[in-house]
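Here the structure is laid out as structure tokens; the discussion comes afterwards.
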Amino acid sequence: MNANNPITDLHLDVLKEIGNIGAAHAATSMSQLLDRKIDMYVPNVKLVSFDEMFELAGGAEKVVAGIFLRIEGDLSGSMFFVLPIHSANHFIKRLIGDDTFDFESASIPEIGISAMQELGNILSGSYLSALSDFTGLNIYPTVPSLSVDMVGAIVSFGLIEVSHHSDEVIVIDTQISEESEDGTSSINGQFFLMPDPTSYRTIFRSLGVL
């Protein structure tokens, strides 16, 4: 928000609770999509500087698969979901049944791009739906777009509006666990939530924790 209305630990705890509810909904949808048990939870929500955000994702020059969407309705802002390339490859291989799929190949098959966008749609939609239920606000995402690029390049667009008013981003850590015949494997990704400046107050006023 700003120096007079800072984001507190209480605010972050509320966002973590909402994140875990959204993660549970997303896990159910992904379990049905992949036909295997998927668990998701949000171990941590934190407020970090832009530089810290890049570090959490492996550095500004780290190449990742990133989903970008705008938040519209009673709130506005940007949201990114970032996964390491190997994790994104793992999920898309499972989803489309093609063990040769690779986001770093010269030509990425359209089916893999669509599958990754659907993954981003499920995850972001579940989180925003939970946020909408808690706040009573009408919140919806735009159609997600996929980029395979350096973290700095992917999130730079979302920083343009935010950087005029703040140098901090809400990071929602997300852990995804998948059960298979080989055991349970886990991957970690991050949501970078960047509400437009006026939307911070709208969120926390609606939650009764302003």
Side-chain angles (χ1 to χ4, degrees), residues 1-20 22-23 40-72 75-88 120 123-124 126-128 130-131 134-135 137 139 141-142 144-176 186-207 209-210:
M1 291 188 281
N2 57 46
N4 296 321
N5 294 286
I7 293 179
T8 67
D9 288 342
L10 174 60
H11 294 139
L12 296 177
D13 286 344
V14 170
L15 290 176
K16 178 179 176 181
E17 181 179 355
I18 293 170
N20 275 310
M40 290 181 59
Y41 75 102
V42 173
N44 196 22
V45 175
K46 48 189 172 285
L47 188 69
V48 303
S49 68
F50 296 158
D51 287 342
E52 289 172 319
M53 174 188 66
F54 291 135
E55 289 176 11
L56 288 170
E61 297 183 356
K62 175 77 171 181
V63 176
V64 297
I67 295 290
F68 166 74
L69 54 92
R70 283 288 295 173
I71 303 168
E72 297 182 345
L75 300 177
S76 60
S78 299
M79 177 179 274
F80 298 83
F81 181 64
V82 175
L83 272 179
I85 289 293
H86 66 87
S87 298
L123 295 175
S124 60
S126 296
Y127 183 82
L128 293 179
L131 184 60
F134 265 70
T135 60
L137 299 171
I139 309 168
T142 61
S145 60
L146 169 68
S147 295
V148 179
D149 204 338
M150 293 184 295
V151 175
I154 290 175
V155 303
S156 60
F157 175 78
L159 294 179
I160 293 173
E161 178 65 24
V162 176
S163 62
H164 294 312
H165 306 274
S166 172
D167 61 355
E168 295 175 314
V169 176
I170 297 171
V171 177
I172 304 166
D173 291 329
T174 304
Q175 186 173 86
I176 306 171
S186 297
I187 63 171
N188 296 307
Q190 285 105 17
F191 276 110
F192 299 145
L193 180 60
M194 305 176 188
D196 293 340
T198 57
S199 291
Y200 275 111
R201 291 183 61 84
T202 302
I203 292 171
F204 295 120
R205 184 184 297 112
S206 300
L207 292 169
V209 292
L210 184 61

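The figures here come from the full heavy-atom set of this structure, side chains too, leaving out hydrogens, waters and symmetry mates.
When side chains are defined from C-beta on, L15 does not count as touching F134, because their heavy atoms never get closer than 4.5 Å. Annotation: side chain of T135 is not in contact with side chain of L75 (no heavy-atom distance under 4.5 Å). Between F80 and I67, the closest side-chain pair of non-hydrogen atoms is not below 4.5 Å.
Annotation: the span from S124 atom OG to I172 atom CD1 amounts to 11.0 Å, rounded to 0.5 Å. How far NE2 of H11 is from CG of D13: 10.5 Å, rounded to the nearest 0.5 Å. Rounded to the nearest 0.5 Å, atoms CD1 (I139) and OG (S206) are 8.0 Å apart. The CD1 atom of I170 sits 12.5 Å away from atom CZ of F192, with the distance rounded to the nearest 0.5 Å. Taking OG1 from T174 and OH from Y41, the interatomic distance works out to 10.5 Å, rounded to the nearest 0.5 Å.
Residues passing the side chain to side chain donor-acceptor pair (under 3.5 Å) test with N188 are Q175, sequence neighbours excluded. Remark: E55 pairs with no residue by the side chain to side chain contact (heavy atoms under 4.5 Å, CB included) rule, at least two apart or across chains. For S76, the side chain to side chain donor-acceptor pair (under 3.5 Å) partners are D196, not counting sequence neighbours. Legend: residues meeting ring pair (Phe, Tyr, Trp, His ring centres under 6.0 Å) with F191, ordered by chain and number and at least two apart, are F81. A search for side chain to side chain contact (heavy atoms under 4.5 Å, CB included) contacts involving I187 returns L83, S87, F91, I176, not counting sequence neighbours.
Closest approach of L56 and Q190 over heavy atoms only: O-NE2, 3.5 Å. Closest approach of V148 and I85 over heavy atoms only: CG1-CD1, 3.7 Å. Closest approach of F54 to V155, counting heavy atoms only: CE2-CG2, 3.3 Å. Closest heavy-atom contact between E61 and M150: O-CG, 3.3 Å. Summarising the geometry of S126 relative to G22, their closest heavy-atom pair is CB-O, 3.2 Å, with the distance given to 0.1 Å.
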Name every donor-acceptor pair, under 3.5 Å, that has one atom in a side chain of residues 43-50 and the other anywhere in the protein, sequence neighbours excluded.
from, atom 1, to, atom 2, distance (Å)
K46, NZ, D173, OD1, 3.4
K46, NZ, D173, OD2, 2.4
S49, OG, E52, N, 3.2
S49, OG, E52, OE1, 3.3

Check against side chain to side chain contact (heavy atoms under 4.5 Å, CB included), I71 and L193: CA-CA 10 Å; I71 303 168; L193 180 60; 3.6 Å; yes
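T142 contributes a side-chain N or O that, together with a main-chain N or O of R70, makes up a donor-acceptor pair within less than 3.5 Å.
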